[in-house]
> 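Take this structure first; my questions come after.
As the structure is a prediction and not an experimental result, all values here were calculated from the model. Values below: every heavy atom of this structure, side chains too, minus hydrogens, waters and symmetry copies. Residue numbers start from 1 in every chain, and the chains themselves are labelled A, B, ... in the order their sequence lines are given, proteins ahead of strands.
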Protein chains: 2
Amino acid sequence: MAKQKTKFAVLGLLSWKPMSGYDIKKLVDVGLSHFWNENYGQIYPTLESLVKEGLATRKEDRTSSKRKRFVYTITRKGQQVFRDWLAEPTGSPIVRNELQLKFFLSCSLPTTESVRLIKEYQSQQQLVLDDHRRSEKVLREAVRDGLFPKELDELLRITSQKQTRQSRSKQCKIFLLTLRHGIRAIEARLEWCAEVLKSLGK
Amino acid sequence: MAKQKTKFAVLGLLSWKPMSGYDIKKLVDVGLSHFWNENYGQIYPTLESLVKEGLATRKEDRTSSKRKRFVYTITRKGQQVFRDWLAEPTGSPIVRNELQLKFFLSCSLPTTESVRLIKEYQSQQQLVLDDHRRSEKVLREAVRDGLFPKELDELLRITSQKQTRQSRSKQCKIFLLTLRHGIRAIEARLEWCAEVLKSLGK
DNA sequence: TCAGACATGTAAGTCGTTACATGATTCA
DNA sequence: TGAATCATGTAACGACTTACATGTCTGA
C-alpha cells in the first residue's frame with residue numbers, strides 16, 4: 001500500500017501555488033509531459049480527498065465575474081506532508097518498455113522484423129527529440145536573459161503571488177534541467193538504435 | 001481499451017517455448033527485469049483467458065513423477081495473434097518518473113534539498129549499472145564463445161525443444177542488446193546527474 | 001453565431017499489486 | 001526435520017483510463 005503518486009503530485013503542485021484542477025491538468029500536459037501525466041479522473045477526486053484530509057482548502061474564484069472556478073490552496077499541514085514525502089527515499093520506477101519486449105520476442109522471427117521494430121522506435125524517438133530540443137532552445141534563451149518564456153509565464157503565474165526574480169530564475173533553471181534529462185534519455189536510445197542496426201548487420 | 005500488455009507479454013513468451021506460469025514469472029524476474037515485470041496475480045488469470053480464447057492449450061506435466069505442474073503451449077491461432085501484435089505500431093510508454101517530479105517540485109525549497117535528491121538518484125542508479133555491467137560481461141563472453149551462460153541456459157530450455165546453434169546465438173545476441181539498452185539509459189542518467197550537480201554549483 | 005477553450009465532475013471498466021492460502025518436494 | 005524452492009491460485013484493494021455529461025465564456 002501507500003503509493004498514491006497522484007496525491008503527492010497534486011499536493012506538490014499546490015505547494016508551488018494555488019491552482020484549480022484544470023490548471024493542474026494543463027500545467028502537467030504542457031510543462032511536465034516528458035516526465036509526468038495526470039488525467040481529470042484522478043485529479044478531481046484527489047483534490048476532494050486532499051480537502052477532506054485537511055491538506056488543502058477549496059474556495060471559489062469569482063474574480064472579474066468569470067465562470068465557476070475552484071481554486072485549491074495547500075494548508076500548513078499539507079506543506080508538511082509534502083516535505084515529508086519529498087524527503088522519503090524514492091523507489092526506482094518499475095520499468096515496462098513495450099518496444100524492448102517486442103524486440104526481445106522478435107528473436108524467433110526473421111531478423112528483418114527486429115530491424116523494422118528498431119527503425120520504428122528510431123523515427124518515433126527522433127520526433128520527440130526534435131520537439132524537446134525546440135523547447136530547450138526557448139528555455140535556454142530565457143534562462144540567459146533571466147526571463148520566463150511566454151507559454152510558461154502564463155502557466156506559472158496564473159495566481160497572484162509575489163515571486164522574486166531569483167526564485168523565478170531558479171524555477172526556470174530546474175525546469176530546463178528536467179528537460180535535459182528527457183533529452184539525454186532519448187539521445188541514449190537513439191545511439192542504442194544505431195548500435196543495434198550495426199550489430200544486426202543492417 | 002485494448003492494451004492488455006500482460007496478455008501479449010505472456011503470449012509472446014509462450015511463442016518462444018511452452019512454459020508454466022511459474023516459469024514465466026521466473027524468466028521475467030531473472031532475465032527481463034530491466035525492461036519488464038509481471039506478477040502472479042496477473043499471470044495465472046491471463047493464462048486461463050488465453051486458453052479460453054483458444055490462443056494456448058494447457059496440459060499437465062508429470063514427467064519423472066514431479067509435482068503438479070501445468071504447461072501452456074501456444075496454438076497456431078495464438079502464434080498469429082502474437083505476430084499481429086508485434087507488427088502493430090508500438091505506442092510510446094507513458095512516462096512517470098517520481099524522481100524527476102520531486103526534483104522539479106524541490107525548486108521552492110533550498111537548493112541543498114535538490115542536491116540531496118540528485119545524489120540519492122545517482123547512487124541508486126550506480127548500483128543498478130554495476131549489476132547490469134556484470135551481466136553484460138557474462139553475456140559478452142557467451143556470445144563470443146557461441147555458448148549460453150549457465151543461468152540463462154536453465155531458463156531457456158526448461159522444455160525439450162530442438163534449437164539450432166544459430167537460433168540460440170541469435171537469442172543470446174538480442175538478449176545482450178536489450179541489456180545494452182538498459183545500460184545506455186542508466187549511463188545517460190548518471191551523466192545527467194553530474195550535469196545537474198555542476199549546474200547547481202555542487 | 002459558433003467553434004474552441006474554460007471548467008467540473010462521474011461511472012464503468014481495466015489493470016496491477018499485495019497479501020494471503022495451500023501444499024508438494026528437495027536437500028542439507 | 002526444517003528451510004528453501006517449486007507451484008498454483010484467489011481476494012481485496014488501489015491505481016489508472018476512457019468516455020460521457022454538462023454548462024459557460026470569449027473572440028473571430
> Without decimals, in angstroms, what is the distance between Arg69(B) CZ and dA24(C) C1'?
14 Å
> Heavy atoms under 4.0 Å, any strand shown: does Tyr72(A) hit a base, just sugar-phosphate, or nothing?
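Counting heavy atoms under 4.0 Å across all strands, the contact made by Tyr72(A) is with sugar-phosphate only.
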> Are Ser20(A) and dT8(C) close enough that a side-chain N or O sits under 4.0 Å from OP1 or OP2?
yes
> Are side-chain heavy atoms of Lys170(B) and Thr111(A) found at a separation under 4.5 Å?
yes
> Is Glu53(A) close to Ser49(A) at the side-chain level, that is, under 4.5 Å between some pair of heavy atoms?
yes
> Would you say Lys102(A)'s side chain and Trp85(B)'s backbone share a donor-acceptor pair under 3.5 angstrom?
yes
> Any side-chain donor paired with an acceptor under 3.5 Å for Thr6(B) and Glu38(B)?
yes
> Is any side-chain nitrogen or oxygen of Lys26(A) closer than 4.0 Å to OP1 or OP2 of dA7(C)?
no
> For Asp23(B) and dA7(D), give me the distance from atom CG to atom P, rounded to whole Å.
7 Å
> Nearest nucleotide by nearest heavy atom, which residue falls closer to the 5' end of DNA chain D, Arg96(B) or Gly41(B)?
Gly41(B)
> With a 4.5 Å heavy-atom cut-off, do Trp36(B) and Val95(A) have their side chains touching?
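Trp36(B) does not reach Val95(A) side chain to side chain.
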> How long is the line joining NZ of Lys5(A) and P of dT17(C), in whole Å?
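In whole Å, dT17(C) P and Lys5(A) NZ are 11 Å from each other.
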> Round to the nearest Å and state the distance from Met19(B) atom CE to dC6(D) atom C1'.
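Atom CE in Met19(B) sits about 16 Å away from atom C1' in dC6(D).
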> Whole angstrom is fine here: how far is it from NZ in Lys7(A) over to C1' in dG14(D)?
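Whole-Å distance recorded here is 13 Å.
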> When you check the phosphate oxygens OP1 and OP2 of dG9(C), does a side-chain N or O of Arg58(A) lie under 4.0 Å from one of them?
yes
> Indicate whether OP1 or OP2 belonging to dT17(C) is found under 4.0 Å from a side-chain N or O atom of Asn37(B).
yes
> Counting side-chain heavy atoms from CB outward, which of dT17(C), dT8(D), dC16(D) is closest to Lys3(A)?
dT17(C)
> Taking only side-chain N and O atoms of Tyr22(B), does any of them lie within less than 4.0 angstrom of OP1 or OP2 on dT8(D)?
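So the side chain of Tyr22(B) is outside the cut-off, no N or O lying under 4.0 Å from OP1 or OP2 of dT8(D).
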> Rounding to an integer number of Å, can you tell me how far Asn39(B) CG sits from dA11(D) P?
16 Å
> Would you mind reading off the distance between Tyr44(A) atom OH and dC16(D) atom P, rounded to a whole angstrom?
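Atom-to-atom, Tyr44(A) to dC16(D), this comes out as 18 Å.
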> Measure CD/Gln4(A) against P/dT18(C) and give the value in whole Å, please.
14 Å
> Assuming nearest nucleotide by heavy-atom distance, tell me which of Glu48(B) and Ile94(B) is located more 5' along DNA chain D.
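Checking each residue's closest nucleotide, the 5'-ward one belongs to Glu48(B).
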